[in-house]
Amino acid sequence: MSDKPAQKEQRHLYPRTRFMGSKYKLLEDIRNVTKQFEFDTAIDLFSGSGVVSYMLKAEGARVISNDQMYLSWCYSKAMVENSRRRLSSAEVDHLLMADTPTDGFVERTFKDLYFTTKENRLIDRLRTNIRTLQSPLATAIATSALMRSCAKKRARGIFTYVGNRYDDGRRDLSLPLETHFREAVDLINNAVFTNGKRNVAKRGDAMKIEPVQSALVYMDPPYYSPLSDNHYVRRYHFLEGIARNWEGVKIQENTKTKKFANYETPFSSREGAHEAFDALFKRFSSGILLVSYSSNGLPTMDEIINLLKRYKENVEVIPVSYRYSFGNQGHKKNDNRNKVNEYLFVAY
């Protein structure tokens, strides 16, 4: 694959997030591995924040970006699949200002939990007005901007607590939600570009993605660890709710956070993760396999290597030193347990 200067700049235009497991800090390490191989198509099976899919697009590959979560699919649709569509200033003004009757869902359901009544009403107005957009790509941009705005207004960007216990006075927490939305749209608009390929964002089971001969297949699954959890929905249920407009989910009314059930995943147990890896490696064995995995996850490094060797002749491991930006339960900030090795397994 080529290493053009313009593309080198492009990959850094993807809006940064604090999404759990985001590979932004590891992006250059991942890119350095991918540069060693020739491939036309790249498949990102667990796209998460979308930053790796976007980098692969910037490097000139045809990208198939997939994730089980609607919020991840939405980001990828807005900036990976989308090659040209942007939101105009007039469209943004309409989304923010149009006095369209709303269902009041957020104001009613999440009263006094995450945002003020005024902010909840604005979220409901944006939800309603976004549904009037005719273009699916425009809808993805606006929805992504709304999710980003809500995450930026929350300390740590998560929804596992209510109130403002982590308010440290930073700009993001004091900035009006409307300003956040306008800034988010600008960032996403600025990230839109074409690489001349037909890229696609998908949402669903990674095992249902069709293999492509000689493709680069990147895997960053929600690893299992006894020290923390891999429940993305628990942290981001409010954003996931925005992405799917809370359709098809049942809110757990007995919980303080008004979350809904986590999605089923084989990576929730050690045994399930081991079997899932084996199945994925087998299904995509015709491609170049690149796996990102943490030293505090299971299966172990040796187990991953042995699984890869079932299907590929060459297996290499690149350890990358990494520290989480903030902890969860067993991983508290400034705790040594925050430091892990992030392994890149490459099999070809």
Practice item. Decide whether L187 and L13 are clustered together by the hydrophobic rule: side chain heavy atoms of Ile, Leu, Val, Met, Phe, Trp, Tyr closer than 4.5 Å, transitively. Key: no
Using atom types as modelled and distance alone, determine if a side-chain donor or acceptor of [X] lies under 3.5 Å from a backbone N or O of [Y].
| X | Y | result |
| --- | --- | --- |
| S47 | D44 | no |
| N129 | L96 | no |
| E240 | Y70 | yes |
| K197 | G60 | yes |
| E81 | A201 | yes |
| R86 | V192 | yes |
| S269 | G272 | yes |
| Y114 | T257 | yes |
| R244 | L71 | no |
| N306 | D302 | yes |

Within the 6.0 Å centroid threshold, strictly below: [X] and [Y]:
| X | Y | result |
| --- | --- | --- |
| Y75 | Y14 | no |
| F267 | F277 | yes |
| Y232 | F19 | yes |

**Study point:** Qualifying residue for side chain to side chain donor-acceptor pair (under 3.5 Å) with Y348, from K312, Q36, E316
**Key:** E316
Practice item. From the options S144, S49, S65, select the one residue that forms a side chain to side chain donor-acceptor pair (under 3.5 Å) with S76. Key: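 For S76, the side chain to side chain donor-acceptor pair (under 3.5 Å) test succeeds with only one of S144, S49, S65, which is S65.
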Check your understanding: Between T41 and R62, is any side-chain donor less than 3.5 angstrom from a side-chain acceptor?
Key -> yes
Using a cut-off of 6.0 Å, state whether more than 12 heavy atoms not belonging to [X] lie near its atom [atom1].
| X | atom1 | answer |
| --- | --- | --- |
| R108 | CZ | yes |
| E264 | CD | no |
| N314 | CG | yes |

**Study point:** side-chain contact (heavy atoms from CB on, under 4.5 Å) involving R270 - partner list, sequence neighbours excluded
**Key:** Y224, L298, T300, E303
Salt-bridge present ([X], [Y]; N to O < 4.0 Å):
| X | Y | result |
| --- | --- | --- |
| K23 | E342 | yes |
| E28 | R11 | yes |
| R121 | D124 | no |
| R131 | E247 | no |

**Study point:** Pairwise salt bridge (charged side-chain N to carboxylate O under 4.0 Å, His left out) hits with a residue in residues 201-218, at least two apart
**Key:** E210-R283
Practice item. Keeping to residues at least two apart or across chains, list the ring pair (Phe, Tyr, Trp, His ring centres under 6.0 Å) pairs with something in residues 174-195. Key: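 Counting only pairs at least two positions apart or across chains, the ring pair (Phe, Tyr, Trp, His ring centres under 6.0 Å) contacts touching residues 174-195 are Y54-F193.
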Revision key, fill the gap. dist L133:CG -> I141:CD1 (nearest 0.5 Å) comes out at 9.5 Å
Practice item. Using the six-membered ring wherever Trp is involved, compare the ring planes of F159 and F238 and label them parallel, tilted or perpendicular (cut-offs 30° and 60°). Key: parallel
Review point. Which one of K259, Q68, M69 satisfies the side-chain contact (heavy atoms from CB on, under 4.5 Å) criterion with V233?
Key: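 With V233 as partner, side-chain contact (heavy atoms from CB on, under 4.5 Å) holds for just one option, M69.
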